[in-house]
Amino acid sequence: MRRMAGVFTVLMVAASATPSHAAGRAGGQIGGIVKRAQQFHDLQITDEDEQKIGAAVSEKIRERYGVVQDPAIHKYVTLVGSALTQHSERPQIAWKFIVLDTDGVNALAAPGGYVHITRGALSLMHNEAELADVLGHEIIHVTEKHTLRAIQKGKAIQMGADETMASPGIFNKIVDKATEAVMAGFGRGEELEADEKGIVVASKTGYDPKGLGAFLSTLAERNKNSSSKNGLFASHPEMDERLKKLDGTIASQKLAGAAVVEARFHENVTYKPVPLASVTTVEKGAAGLAGESGKADDSSKKDDKKSDDKPADDGKKKKGFGLSKLMGGGGSSSTEQKAPETTGSQAARGVDTERNAKGGSNPAMVTVKVTPAEITAFKKDGKLS
Ligand SMILES: [Zn+2]
């Protein structure tokens with residue numbers, strides 16, 4: 001994380017800035033006011049700004065999938081998450097762990113410490129180590145600021161010379177781009193980094209780092225008959241490569257975390273997995289945040305008889321899916337209610353069933369309080385560190 005600080009510390013030069021220090025950056029222009037369009041990647045993003053962006057992104061995610069209105073499950077996931085973040089590079093930020101109300105298997109990290117995991121993902125796990133390793137992966141997306149880095153790299157946000165982060169148009173644009181990045185998943189490099197550093201954090205916390213590989217294998221099994229990669233791993237590197245790299249990390253870094261914590265996990269997580277073919281999805285467009293996985297989807301949808309459709313863009317990973325368009329003004333719940341629901345068949349057509357999965361209707365965050373003493377007791381009980 002430290003090495004990334006430079007990305008965010010280039011100060012922006014506004015039209016109104018005094019020319020004296022702007023001159024140096026503009027190649028020796030002296031005197032006149034330096035006017036230039038700002039790029040988002042020049043913008044300094046404070047922790048506070050990051051928090052605001054993350055809160056807005058989380059709200060969109062919660063509106064799309066709903067939140068499980070159960071304090072007990074939130075408390076449990078928050079305790080696991082809190083034990084982990086103590087060993088992360090940003091223990092001080094206001095981490096939030098949110099359980100999304102959908103059968104789709106997914107986990108999504110928004111800037112500023114908003115970590116979301118779906119009911120469907122929890123239902124597929126066998127023990128607390130698997131949960132911790134997946135949360136560890138998401139925590140790294142936050143600590144390494146992968147979302148902000150992705151949209152800054154994209155240069156998609158051009159700012160007027162006198163606009164700032166606080167300008168409503170700019171803020172909304174940033175939130176749309178950030179949500180899009182979070183939903184689409186990150187690049188191969190970021191995903192492998194999150195895998196590796198995530199299991200290091202989990203192992204430092206005492207958890208068995210092999211949980212991530214175990215969960216990924218379960219997911220691969222779940223998706224073996226699907227013609228597209230789904231949800232959590234839609235844009236992730238090939239599974240074999242990931243599993244191999246995970247084993248390599250465990251060996252080379254001598255990761256010795258041994259806690260699996262199976263009994264406590266099952267006391268707290270009782271969701272039953274819904275097979276991919278039975279996951280109810282909402283149609284594109286009406287689903288708001290639903291991730292479109294490919295163009296083939298558009299055509300196949302118009303003709304349901306083409307059940308043997310192979311996605312034309314098989315293998316190509318769609319980066320964005322026009323979130324701002326889908327979610328922008330008026331993308332309201334009234335549209336959502338009209339959303340036709342389908343079950344199963346989409347998976348065979350290469351549609352990302354996990355991400356298109358229907359969600360619950362209540363986006364309200366479930367606030368749980370976890371005291372330092374409770375975290376200590378939780379760690380002791382699980383033989384964590
Ligand atoms: Zn990831």
Side-chain angles (χ1 to χ4, degrees), residues 1 4 54 57-58 61 64-65 77 80-81 84-85 88-90 95-100 102 104-118 120-122 124-125 130-151 153-154 177-202 207 209 211-220 222-223 228-246 249 289 291 293 317-321 323 352 354-355 357:
M1 172 193 130
M4 285 174 52
V57 171
S58 173
I61 293 171
R64 167 62 182 84
Y65 292 112
V77 174
V80 176
L84 291 165
T85 57
S88 79
E89 292 198 41
R90 301 178 80 186
W95 292 93
K96 300 250 189 314
F97 295 89
I98 299 155
V99 182
L100 298 173
T102 175
V105 177
N106 219 336
L108 302 158
Y114 290 82
V115 175
H116 311 77
I117 187 153
T118 65
L122 291 172
L124 275 194
M125 294 171 174
E130 292 186 16
L131 171 59
D133 289 352
V134 170
L135 293 179
H137 174 106
E138 300 304 324
I139 285 167
I140 300 299
H141 282 319
V142 174
T143 58
E144 296 292 333
K145 302 186 178 178
H146 283 160
T147 302
L148 298 178
R149 217 166 76 180
I151 53 180
K153 223 163 47 186
K177 285 286 166 194
T179 311
E180 193 176 325
V182 167
M183 285 299 292
F186 303 98
R188 179 179 170 277
E190 285 89 350
E191 295 303 343
L192 291 175
E193 182 182 24
D195 277 2
E196 178 178 344
K197 293 183 176 171
I199 59 167
V200 169
V201 165
Y207 287 112
L212 185 55
F215 180 71
L216 289 174
S217 301
T218 306
L219 207 60
R222 174 178 169 88
N223 281 280
S228 74
K229 287 187 265 181
N230 275 263
L232 188 45
F233 304 104
S235 71
H236 283 218
E238 291 305 326
M239 192 62 83
D240 287 351
E241 181 192 10
R242 290 185 80 180
L243 294 176
K244 215 174 282 173
K245 284 205 189 286
L246 284 168
T249 301
L289 243 177
S293 63
K317 281 137 227 163
K318 266 282 245 199
K319 253 302 187 197
F321 37 85
L323 252 195
D352 188 334
E354 309 283 25
R355 274 195 301 190

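All values derive from a computational prediction rather than experimental measurement. No hydrogens, no waters, no symmetry mates; every other heavy atom, side chains included, goes into these values. In each ligand, atom 1 is the first atom listed, and ligand 1 is the first ligand listed.
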Review point. Is the distance between the Zn ion (ligand 1) and the nearest N/O/S atom of Glu191 smaller than 2.8 Å?
Key: yes
Revision key, fill the gap. The atom of His141 among N, O or S that is nearest the Zn ion (ligand 1) is NE2
Check your understanding: With Asp195, which of Thr249, Val200, Leu246 fulfils side chain to side chain contact (heavy atoms under 4.5 Å, CB included)?
Key -> Leu246
Exercise for review: Identify the heavy atoms of Val105 and Thr118 that sit nearest to each other, and give their distance.
Suggested key: CA-OG1, 3.6 Å
Check your understanding: When rounded to the nearest 0.5 angstrom, what is the spacing between CG in Leu131 and CZ in Phe97?
Key -> 9.5 Å
Check your understanding: Do any N/O/S atoms of His137 come under 2.8 Å of the Zn ion (ligand 1)?
Key -> yes
Review point. Going by the angle between their ring planes, with limits at 30° and 60°, are Phe186 and His146 parallel, tilted or perpendicular?
Key: tilted
